[in-house]
Amino acid sequence: METLQNPYEHAPAGFAHCFLTGCASAAGCLRQLAGNALQADYAFAVNPKHADTKGEGKCPFFCRAKTVTIAYGFMHALAQVPSGQIYAVRAAICRMSSERMYYHLRRGDKPMYPDKQKQIADILAAHGAPTPVKFDRYEQQLDWRS
């Protein structure tokens, strides 16, 4: 499983960083941790006049810094599904998003967060893949979805 050297450099575009000093939640807030590792050319920040330093439940901008296991690709799991079920698997996963996204997820071009992993694993298992379903590759990453 891979981990990133400086995960904060992978913050999505428009993710607000926090530079408020003395905050009780600074050690666990993704916005504060990303702000500490900020590159000089970043433009989005939390307005300190609207932030609250009293702690996690008080600040409207608080974003818990948590690491999740991201999966990529399910070609190997799909190869274990009986050939007569492949079309049904593709149709079920396409109903979740789109046909194009199905191919991106299958090849491992797009990440699958834990909720998406569970949905796809359930579909594969329902159509004959051995459980637990194993994806092609895993990485530990910060969960930037907030």
Side-chain angles (χ1 to χ4, degrees), residues 1-20 23-47 50-52 55-146:
M1 195 170 322
E2 298 177 29
T3 55
L4 301 172
Q5 294 298 334
N6 181 5
Y8 306 110
E9 70 187 18
H10 297 286
F15 186 81
H17 290 51
C18 183
F19 305 102
L20 195 59
C23 179
S25 299
C29 182
L30 188 55
R31 296 186 193 285
Q32 180 70 255
L33 294 169
N36 290 338
L38 182 66
Q39 304 299 322
D41 60 350
Y42 200 78
F44 295 95
V46 170
N47 184 339
H50 298 285
D52 191 335
E56 182 177 321
K58 308 287 185 207
C59 184
F61 300 105
F62 180 78
C63 182
R64 181 171 307 287
K66 64 180 178 177
T67 304
V68 293
T69 301
I70 308 294
Y72 291 89
F74 56 91
M75 297 288 282
H76 292 97
L78 190 61
Q80 296 177 355
V81 171
S83 61
Q85 295 293 312
I86 300 292
Y87 178 78
V89 168
R90 185 173 69 81
I93 295 174
C94 286
R95 280 193 296 272
M96 287 174 25
S97 52
S98 69
E99 188 170 350
R100 181 179 210 155
M101 183 59 77
Y102 164 80
Y103 289 107
H104 285 297
L105 293 172
R106 186 187 76 175
R107 285 189 310 255
D109 299 338
K110 300 279 185 178
M112 288 180 276
Y113 284 86
D115 52 339
K116 182 77 73 181
Q117 289 173 42
K118 180 174 178 357
Q119 291 173 328
I120 291 176
D122 288 348
I123 291 169
L124 289 165
H127 290 89
T131 57
V133 172
K134 301 252 192 278
F135 293 96
D136 297 343
R137 178 171 62 96
Y138 295 92
E139 287 182 2
Q140 290 288 337
Q141 293 184 8
L142 286 168
D143 190 355
W144 293 100
R145 304 170 303 158
S146 58

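- Smallest separation of non-hydrogen atoms from Cys29 and Ala65: C-CB, 4.2 Å.
- Remark: side-chain polar atoms of Gln117 are paired, donor with acceptor, to backbone N or O of Thr69 under 3.5 angstrom.
- Nearest heavy-atom pair, Ala77 versus Ala129, reported as atom, atom and distance to 0.1 Å: O-CB, 4.1 Å.
- With sequence neighbours left out, the side-chain contact (heavy atoms from CB on, under 4.5 Å) criterion links Ala125 to Thr131, Val133.
- The line from CD of Gln119 to CG of Leu124 is 12.0 Å long, rounded to the nearest 0.5 Å.
- Residue Pro82 comes nearest to Gly128 through the heavy atom pair CD-CA, 3.9 Å, listed as atom of the first residue, atom of the second, then distance.
- For Asp122, the side-chain contact (heavy atoms from CB on, under 4.5 Å) test picks out Lys118, with sequence neighbours left out.
- Here the CD1-CG distance, from Ile120 to Leu78, works out to 10.5 Å after rounding to the nearest 0.5 Å.
- Taken to the nearest 0.5 Å, the CG atom of Leu105 stands 11.5 Å off from the CG atom of Asp136.
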With a 3.5 Å cut-off and sequence neighbours excluded, list the donor-acceptor pairs that the side chains of residues 86-103 form with protein atoms.
{"residue": "Arg90", "atom": "NH1", "partner": "Glu99", "partner atom": "OE2", "Å": "3.2"}
{"residue": "Ser98", "atom": "OG", "partner": "Met101", "partner atom": "N", "Å": "3.1"}

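- With hydrogens and angles disregarded, no donor-acceptor distance shorter than 3.5 Å links the side chain of Asp143 to the backbone of Lys66.
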Donor-acceptor list for residues 106-114 side chains, cut-off 3.5 Å, not counting sequence neighbours:
{"residue": "Arg107", "atom": "NE", "partner": "Asp109", "partner atom": "OD2", "Å": "2.8"}
{"residue": "Arg107", "atom": "NH2", "partner": "Asp109", "partner atom": "OD2", "Å": "2.7"}
{"residue": "Asp109", "atom": "OD2", "partner": "His104", "partner atom": "ND1", "Å": "3.4"}

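- Sorted pairs that involve residues 68-77 and meet salt bridge (Lys or Arg N to Asp or Glu O under 4.0 Å), not counting sequence neighbours, are lacking altogether.
- Residues Gln140 and Thr67 come closest through the heavy atom pair OE1-CG2, 3.1 Å.
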